[in-house]
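Every chain is numbered from 1, with letters handed out A, B, ... down the list of sequences.
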Protein chains: 2
Amino acid sequence: MPGPTGRRPRLNRDRVLHAAVALADEVGLEALSMRRLAAELDVVPMALYKHVADKEALLDGMVDVVVGEIEPPAPGVEWRDAVRGRVLSARRALLRHPWARRALETRTTRTAAVLDQMDATAAAFLTGGFSAELTHHVMHALGSRMWGFTQELFDDPAAQGPAAPPDPATMRAMAERYPHIAAIALTTTHEDGTVVGRGCDDQAEFEFALDLMLDGFARLHEQGWRPPQPAV
Amino acid sequence: MPGPTGRRPRLNRDRVLHAAVALADEVGLEALSMRRLAAELDVVPMALYKHVADKEALLDGMVDVVVGEIEPPAPGVEWRDAVRGRVLSARRALLRHPWARRALETRTTRTAAVLDQMDATAAAFLTGGFSAELTHHVMHALGSRMWGFTQELFDDPAAQGPAAPPDPATMRAMAERYPHIAAIALTTTHEDGTVVGRGCDDQAEFEFALDLMLDGFARLHEQGWRPPQPAV
DNA sequence: ACCTGAACACCGTTCAAGT
DNA sequence: ACCTGAACACCGTTCAAGT
């Protein structure tokens, strides 16, 4: 008896992974458990283990699904546009799956899709004429920005919805204790003007930092940067 | 009967926090549980809850302990040295407590020590003559580098000890599939020459990226950067 | 004021068994 | 080949009780 409704079209790795992505999209990474995912698939927990080695492997697979959504830039563009386009595409993918940033941070095994993205980014620098040494350094400098995210300083990193704005009294107390944070928080470069409460890791901030780095990379490249001589 | 050995000098928040830091240093963040910490303190799990609201609050407190280890730079130095010194001090603190980076990333409430560090960094830019707007942007651009870490692309982010170097056959297969990663991985700017296996997020890479950013900040500041006019 | 004991509602994962 | 059931060794946290 396969159940009265006749669902459960048989499990496979892809169905498990996509169900996990959908569930994480819905309830967040903390609430994603093997048992809950199994329930969602109308199956006993242990059934998952035929398609995924353990929870770590599940998370690896989920990251691969999201990273696989990154679109390659148009072929033949300059290194700067290639890198920029790839990073901004990664960012769009990560914004679609808010949990993915955290999952990516905790991954220890580099899966195929992750390595593909890294290889393609390295390729953009190298074919743009960067030396291997400089490419190595700029890849490191890019760091997590390659995946379209940055560690946030102001906002709730787990923010699913808008955080409750602090009440005026708290705001005033904060401003007194942390005058410099208050000074910069109240610059309304952000669309909605409610900077402390929301909207700081927005597209403008991300692109500001990304372009700052790309400018730096371009400058080093143009100036013919050479690795420092080892002090023998 | 307080136990045959007569230990357990009575719990308090500080003892709980420092025991938690020591335990995480020893066994890692994943193995740190309320129950295990309680056992370490020779106390029943629920005893902890008198001194710490819940596990999240415990992690907040642990982060505060580590962030509190960051030393302020010598007073009166230029903004660049102030920021650089603070960041490198933060890095030293985080290297002493390898779990702290992950804990910091997952914190959602900004605790006092964290806000102090942010306020002091903002102060360095502002007293260096940066506008509030530019300070806002560069603080975002600095991001997690303010805490002395960057998301790593190559290495095991949870690496406690040195990872096992990949065997030659795997290396060759990797190099074929990911030629550009191989090309940049084999640049031996690193002290031990075993780049893929170890030693990538070393001090040199970190300072390269940090100085690249600081150079960018200095250039924008010197050029009198102004916020882009809103398109009204 | 501080700690304890027992219990609740969860986890990930093993093993041996079913079809 | 794929799924199940029961069990094991854990979690964080509640509640009511002890001293």
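- For S33(A), the side-chain atoms get nearest to dG12(C) when compared with the rest of dC2(D), dG5(C), dG12(C).
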Please report the C-alpha distance between D64(A) and T111(A) in whole Å, then the side-chain angles of each, then the deciding distance to 0.1 Å, and finally whether the side chain to side chain donor-acceptor pair (under 3.5 Å) criterion is met.
CA-CA 7 Å; D64(A) 252 26; T111(A) 56; 2.2 Å; yes

Derivation of the salt bridge (Lys or Arg N to Asp or Glu O under 4.0 Å) call for D116(B) and R177(A):
CA-CA 9 Å; D116(B) 282 339; R177(A) 175 108 164 71; 3.3 Å; yes

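- The aromatic rings of F208(A) and H137(B) sit parallel, their planes meeting at an angle under 30°, below the 60° perpendicular limit.
- Map R35(B) and N12(B) each onto its nearest nucleotide of DNA chain C; the residue landing nearer the 5' end is N12(B).
- Residue M34(A) is classed as a sugar-phosphate contact, given heavy-atom separations below 4.0 Å to backbone atoms only.
- Only the P atoms considered, dA9(D) is 22 Å distant from dA9(C), to the nearest whole Å.
- Salt bridge annotation for E30(B)-R102(B): present, with a cationic side-chain nitrogen under 4.0 angstrom from a carboxylate oxygen.
- With a 3.5 Å ceiling on both atom-pair distances, the Watson-Crick or G-U wobble partner of dA1(D) is dT19(C).
- Here dT13(D) presents its P atom at 15 Å from NZ of K50(B), a figure rounded to the nearest Å.
- D54(A) places its CG atom 17 Å from the C1' atom of dA9(D), with the value rounded to the nearest Å.
- Here the P atom of nucleotide dC3(C) and the OH atom of Y49(B) are 15 Å apart, to the nearest Å.
- Here the C1' atom of nucleotide dA9(D) and the CD atom of E30(B) are 18 Å apart, to the nearest Å.
- The side chain of A47(B) sits closest to dC3(C) out of dT13(C), dG5(D), dC3(C).
- Distance CG (L59(B)) to P (dT13(D)): 10 Å, rounded to an integer number of Å.
- Note: CZ (R10(A)) to P (dA1(D)) measures 11 Å, nearest angstrom.
- Between R84(A) and E207(A) there is a salt bridge, since a side-chain N of the basic residue sits under 4.0 Å from a carboxylate O of the acidic one.
- Distances shorter than 4.0 Å separate some side-chain N or O of H51(B) from OP1 or OP2 on dC3(C).
- Taking side-chain N and O atoms only, K55(A) has a distance below 4.0 Å to OP1 or OP2 of dG12(C).
- When the P atom of dC10(D) is taken as reference, atom CG of L32(B) falls 16 Å away, rounded to whole Å.
- Taking the C1' atom of each, dC11(D) and dA7(C) are spaced 14 Å apart, rounded to whole Å.
- In this structure, the CZ atom of R36(A) is 14 Å from the C1' atom of dC11(C), given to the nearest Å.
- Partner assigned to dT13(C) is dA7(D), using Watson-Crick or G-U wobble distances below 3.5 angstrom.
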